[in-house]
Amino acid sequence: MNKKTTQIKIDKEKCKGCLLCLKVCPKQNVLERSKDLNKRGAQFIVIKHADECTGCALCAIMCPDCAIEIEENK
Amino acid sequence: MNKKFTKPKSMKDVTTHYCSGCGHGIIHRLICEVIDELDVRENTVAIAPVGCAVLAYDYWDFDTMEAAHGRTPAVATAVKRVLPDRLVFTYQGDGDLAAIGTAEIIHAGNRGENFSVIFVNNGVYGMTGGQMAPTTLLGQTTATSQFTRRAEKEGFPLKILEMMAILPGVVYLERTSLYSIKEILQTKKAIKKAFQSQLDKKGFSMVEVISPCPTYWGLSPVKAMERIEKEVVKEYPLGVVKELAG
């Protein structure tokens, strides 16, 4: 019941599509570039495989725009 | 759900005007995290430069002033002398600190003023269109060095930290970067150490952060980080340049 789960949240309007988060993700399969554009015209980041995310938060540490938030259910 | 990683409280919930992949966003956040951890938000005065970070007061939720180009250390000197119990730091780019503000920074260090400097070195003038800065690498093409920077015409890259190290009033100098998670965490540690040494009334401290400027380097954000790792840190070696004990 008390299984630890993490949830990654992306603010798509803050994302500028620099893709630095994709580079640092150890799983390389959690995030991907969207085909849509946000209001500033950037191809923002979306979640591809949420279940593979370990919640290490490396993407959030790298993000220059505070667009990624990690929530944890202990 | 607990928030494991979220925006620091000292940072306003706005989208910055910086380009995609710019290092300023990371450094802004690291400074806010350190201020939250030291719990000095109500007691902090930041001095913003002229340059890309001129609008830093729109992003930081603590007292921030704006100084004339390069005169940031002079304003910080005044603030720290009038309000000695505040945490005072300046945030300067390389065009601001290493070009027009060289006199101010060297004399502030020589007087041993008790404030901290965050020096963001990206090797170009970002705000005005990517012109050559004193810190531009040899062989780098910029808007005002179209045939690359040559030592015989434009001189050598200016190493401010090594110049400051000989001044007796300077207590802590470290050069860090942002190209990997390890380096980002090291940058945060260095900023915390600089702020702590100021709170301990030790004297002048400065952290130089080698930051990317993907727009004026003509590279993608990922390639710009790779350039720092492969080229820029060879010219500007990372690590502690000076640390006085006690």
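Sequence lines set the chain letters: A, B, ... in the order given, protein chains first and strands last, and positions in each chain run from 1.
Few gaps surround NZ on Lys12(B); more than 12 heavy atoms of other groups in view lie less than 6.0 Å from it. In the displayed structure, Gln146(B) atom CD is contacted under 6.0 Å by more than 12 heavy atoms of other residues, nucleotides or ligands.
Between the NZ atom in Lys4(B) and the CD atom in Gln7(A) there is a gap of 13.5 Å [rounded to 0.5 Å].
Look at Lys188(B) and Glu37(B) and you find a salt bridge, because one of the NZ, NE, NH1 or NH2 atoms lies within 4.0 Å of a carboxylate O, short of that distance.
For chain B, the nearby part of Lys23(A) is the side chain; its heavy atoms alone come within less than 4.5 Å. Proximity to chain B (any heavy atom under 4.5 Å) is restricted, for Cys66(A), to the side chain, taken from C-beta onward. Heavy-atom distances place the backbone of Cys56(A), and not its side chain, under 4.5 Å from chain B. With a 4.5 Å cut-off on non-hydrogen atoms, Leu22(A) does not touch chain B at all. Contacts of Leu178(B) with chain A are made by backbone atoms alone, with heavy-atom separations under 4.5 Å and no side-chain atom involved.
For the options Ala57(A), Ala42(A), Gly55(A), heavy-atom pairs under 4.5 Å to chain B are most numerous at Gly55(A). Most heavy-atom pairs under 4.5 Å with chain B, from the set Asp65(A), Leu58(A), Leu19(A): that is Leu58(A). The greatest number of non-hydrogen atom pairs below 4.5 Å with chain A, out of Gly21(B), Ala224(B), Pro214(B), Ser220(B), is found for Gly21(B).
Aromatic ring centres of Phe89(B) and Phe195(B): separated by under 6.0 Å.
Note on ring orientation: taking the six-membered ring where Trp is involved, the planes of Tyr59(B) and His28(B) are tilted (angle from 30° to 60°).
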